[in-house]
Amino acid sequence: MELPTFNLNATSVCLVLALVTLTYHTIRTIYNLYFHPLAKYPGPLLYRATRLAYLAGLIRGRLALDVLPMHRRYGPIVRIAPDELSISTPEAWKDIYGHRTGLPSGLDELPKSYIFYRNKLVPPSIVGEDREGHALLRRLMAPGFSERSMREQEPIIGSYVDLLVERLRQHAVDADRKDPITGLQGAKRPLDMTAWYNWTTFDMIGDLAFGEPFGSLDKAKYDPWVHAIAVALESQRFLLTIRHIGLNDILLPLVRLFQSSRREYGRRTRDMMERRMQVERRTDLIEGLLAKKDELKLDPGRIQMNAAVLILAGSETTATLLSGVTFLLLRHPECLRKATEEVRSTFRSEKDITLTSVARLEYMLACLNEALRRYPPVPFGLPRVTPKGGASIIGEFMPEHTHVAVWQYALYHSEEYFTDPFGYHPERFLQQDPRFAKDRLDALQPFSVGPRNCIGKNLAYAEMRLILARILYNFDMCFADEGKAAGWIDGQKAYTLWKKPPLEVFLIPVAR
Ligand code: HEM
């Protein structure tokens, strides 16, 4: 008897592979929709069926904004990917990010998502470390962020704010041209405040983390390093996509080959850290790690990674909020008038405005908090994963391996927790206006909560208050082109952090 022969050519191999893939994904989609442990949670069909809809939103830079209408439609718990839930209530903060007791796994916090936080090709920083590594780094770095250290860092911080004001005064007016409206010598020149705030916070954090500024304020120009960070932030969405679709090991080394800016970033970090290590002792943010590097055998790569993370975490975020609050104040002239009046009536002279004395500016603080709500610097959900045995979150049992997060933009724009959420009302934080009596101010946690919350929260508030107070004291402000600026916040994309367009403003120096 003759056996049948199979003629395997390339076409038939491809067809078989395509059929196997299609069958696999069909079965998986059916499983995700009807049999997955999270099948009972609501969400848009495409998001529940596969991760692709989430990834498309991530790549478009609109995912953080898209989650808001999903919550409006489906309620406080939305399934935004087959294994991921967005949970949008004030209580979710503590349950997801806080210290926990009584978890079946015995853990005291929900672990961070590896897929979101870890990149196999670089050592993890304090942000991506697992629990034990994180506890050690946090302990070593905490003294650099203490009240006492901040007082010692005040001359450094103050010197950059002085320089910012001086440079703005120089750039705000073009002495060689006549003003087209008044006809007087000296025409107003539009300044991109997004850039000026970025230059200030980068120079400041460069000094506090590495002992040297980037010189951006001096040059009134972005340093290539800062540019490299912007590129790295934007490319994050592609790296995340690669990890989510399981092609990390194949594609990541290839991606790295083409990332010249990342290599440049690494080289500069190494050089700066080497120069910082030559300095005996200095009250800055990295001293805690350097002081113990020999005793604890800390790898230089690990120290460098953490210094680099400080630059990113400590500059882009504060610059974003300062740009946001400037935009919001200019859009709401009554709030701008009140904040300016408060600063100018509280301080008799500019030298009285210090890191400590700005704490007296209650209305200005309310303006900053309302800007953190309306335009949170980290709008994205920062995922944690339920451990073995699952975890209870807002009274619901969530099975193990579920990704859970609070998406800040969605929570802060919920009508359930904030009156007129798309408006700008600093008054809600003064807690005197009955219109806002039902607001849930505890929903606002822009620095997150629990053991992995922002270590730089106090420094960020101090910097933002000092910079804004000095700007309001020294300048009157208006949009260079109101029409062009109108959609500045709502048209932006968010790739974990916002991609900010220029914010062109006329600054009119106040004569004293
Ligand atoms: C408006 C300004 C800021 C905002 C909104 C902000 C927000 C946050 C958030 C939400 C986290 C939690 C990240 C996570 O769970 O993965 C975080 C962590 C962190 N932030 Fe900030 N941050 C700001 C300013 C700063 C500054 C000025 C510094 C340092 C100079 C800083 C350094 C860090 C570090 C090192 C972590 C990781 C802490 C840890 O894992 O223990 N941040 N920040």
Side-chain angles (χ1 to χ4, degrees), residues 145 147 149-151 153-154 156-165 168 193-209 216-217 285 310-330 332 335-336 338-340 342-343 346-347 350 353-379 408 412 424 426 429-430 444-448 453-475 477 488-489 497-498 500 503 505 507:
F145 289 90
E147 197 71 24
S149 295
M150 220 159 70
R151 274 199 304 276
Q153 290 154 5
E154 174 150 17
I156 300 181
I157 298 172
S159 69
Y160 290 102
V161 188
D162 289 344
L163 185 59
L164 168 69
V165 172
L168 288 177
M193 290 308 285
T194 300
W196 282 95
Y197 288 136
N198 259 24
W199 298 336
T200 312
T201 56
F202 268 99
D203 275 2
M204 209 182 261
I205 200 75
D207 202 329
L208 290 173
S216 304
L217 277 174
L285 305 179
L310 283 179
I311 300 280
L312 171 67
S315 58
E316 187 60 34
T317 45
T318 28
T320 294
L321 198 274
L322 283 164
S323 306
V325 76
T326 302
F327 168 80
L328 289 162
L329 287 173
L330 290 176
H332 299 86
C335 302
L336 176 63
K338 278 194 197 165
T340 310
E342 182 185 52
V343 175
T346 304
F347 299 108
E350 192 166 5
I353 312 177
T354 64
L355 274 189
T356 322
S357 68
V358 285
R360 281 188 256 152
L361 303 169
E362 271 180 38
Y363 186 77
M364 196 190 76
L365 176 62
C367 292
L368 287 166
N369 281 332
E370 180 66 345
L372 284 164
R373 184 195 67 77
R374 181 67 183 83
Y375 182 59
V378 187
Q408 295 197 31
Y412 303 163
Y424 181 69
F429 288 94
L430 299 174
L444 182 74
Q445 301 292 351
F447 299 91
S448 193
N453 76 344
C454 179
I455 196 172
K457 176 176 173 179
N458 292 340
L459 177 62
Y461 264 118
E463 265 180 40
M464 295 187 304
R465 288 161 113 174
L466 186 63
I467 293 174
L468 185 59
R470 293 281 303 273
I471 297 266
L472 295 178
Y473 187 85
N474 280 288
F475 302 99
M477 291 191 273
W488 190 81
I489 284 186
L497 303 181
W498 297 102
K500 309 183 288 287
L503 178 64
V505 173
L507 296 183

Has the side chain of [X] got a donor or acceptor atom that lies under 3.5 Å from a matching backbone atom of [Y]?
X      : Y      : value
Asn453 : Phe447 : no
Tyr424 : Cys367 : yes
Tyr412 : Tyr375 : no
Gln408 : Pro376 : no

For [X], give me all partners under side-chain contact (heavy atoms from CB on, under 4.5 Å), at least two apart in sequence or on another chain.
X      : value
Ile156 : Tyr160, Asp207, Leu208, Arg282
Ala195 : Asp192, Trp199, Tyr222
Ser159 : none

Between [X] and [Y], is any pair of side-chain heavy atoms under 4.5 Å apart?
X      : Y      : value
Met204 : Ile467 : yes
Asn474 : Leu507 : no
Met477 : Leu472 : yes
Pro377 : Leu372 : yes
Thr194 : Trp488 : yes
Leu468 : Val343 : no
Leu497 : Thr320 : no
Met193 : Leu322 : no

Look up atom [atom1] in [X] and atom [atom2] in [Y], then write down how far apart they are to the nearest 0.5 Å.
X      : Y      : atom1 : atom2 : value
Phe347 : Ile353 : CZ    : CD1   : 5.5 Å
Leu459 : Glu147 : CG    : CD    : 11.0 Å
Glu342 : Tyr363 : CD    : OH    : 9.0 Å
Leu444 : Arg374 : CG    : CZ    : 13.5 Å
Thr340 : Phe475 : OG1   : CZ    : 12.5 Å
Leu217 : Asp203 : CG    : CG    : 4.5 Å

Electrostatic pair Glu370:Arg373 at N-O distance under 4.0 angstrom: yes
Considering all heavy atoms, the nearest [X]-[Y] contact:
X      : Y      : result
Val358 : Leu355 : CG2-O, 3.3 Å
Leu336 : Leu329 : CB-O, 3.4 Å
Leu466 : Gly158 : CD2-CA, 4.5 Å
Ser315 : Thr201 : O-OG1, 3.1 Å

Partners meeting salt bridge (Lys or Arg N to Asp or Glu O under 4.0 Å) with Glu362 (sequence neighbours left out):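 Testing Glu362 for salt bridge (Lys or Arg N to Asp or Glu O under 4.0 Å), a comparison that skips the adjacent residues, returns none.
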Can you name the residues that form a salt bridge (Lys or Arg N to Asp or Glu O under 4.0 Å) with Glu316, not counting sequence neighbours? Lys500
Given the rule in the side-chain contact (heavy atoms from CB on, under 4.5 Å) test, do Thr318 and Thr200 qualify, once you have shown the distances and angles that lead to the verdict? CA-CA 10 Å; Thr318 28; Thr200 312; over 6 Å; no
Leu168 and Ile471: side-chain contact (heavy atoms from CB on, under 4.5 Å), yes or no, with the steps? CA-CA 9 Å; Leu168 288 177; Ile471 297 266; 3.5 Å; yes
Please report the C-alpha distance between Leu365 and Tyr461 in whole Å, then the side-chain angles of each, then the deciding distance to 0.1 Å, and finally whether the side-chain contact (heavy atoms from CB on, under 4.5 Å) criterion is met. CA-CA 9 Å; Leu365 176 62; Tyr461 264 118; 3.8 Å; yes
Enumerate the side-chain hydrogen bond (donor to acceptor under 3.5 Å, both in side chains) contacts for residues 462-472, please, sequence neighbours excluded, ordered by first and then second residue. Asp162-Arg470, Glu350-Arg470
Pair Leu503, Tyr197 - check side-chain contact (heavy atoms from CB on, under 4.5 Å), show working. CA-CA 11 Å; Leu503 178 64; Tyr197 288 136; 5.8 Å; no
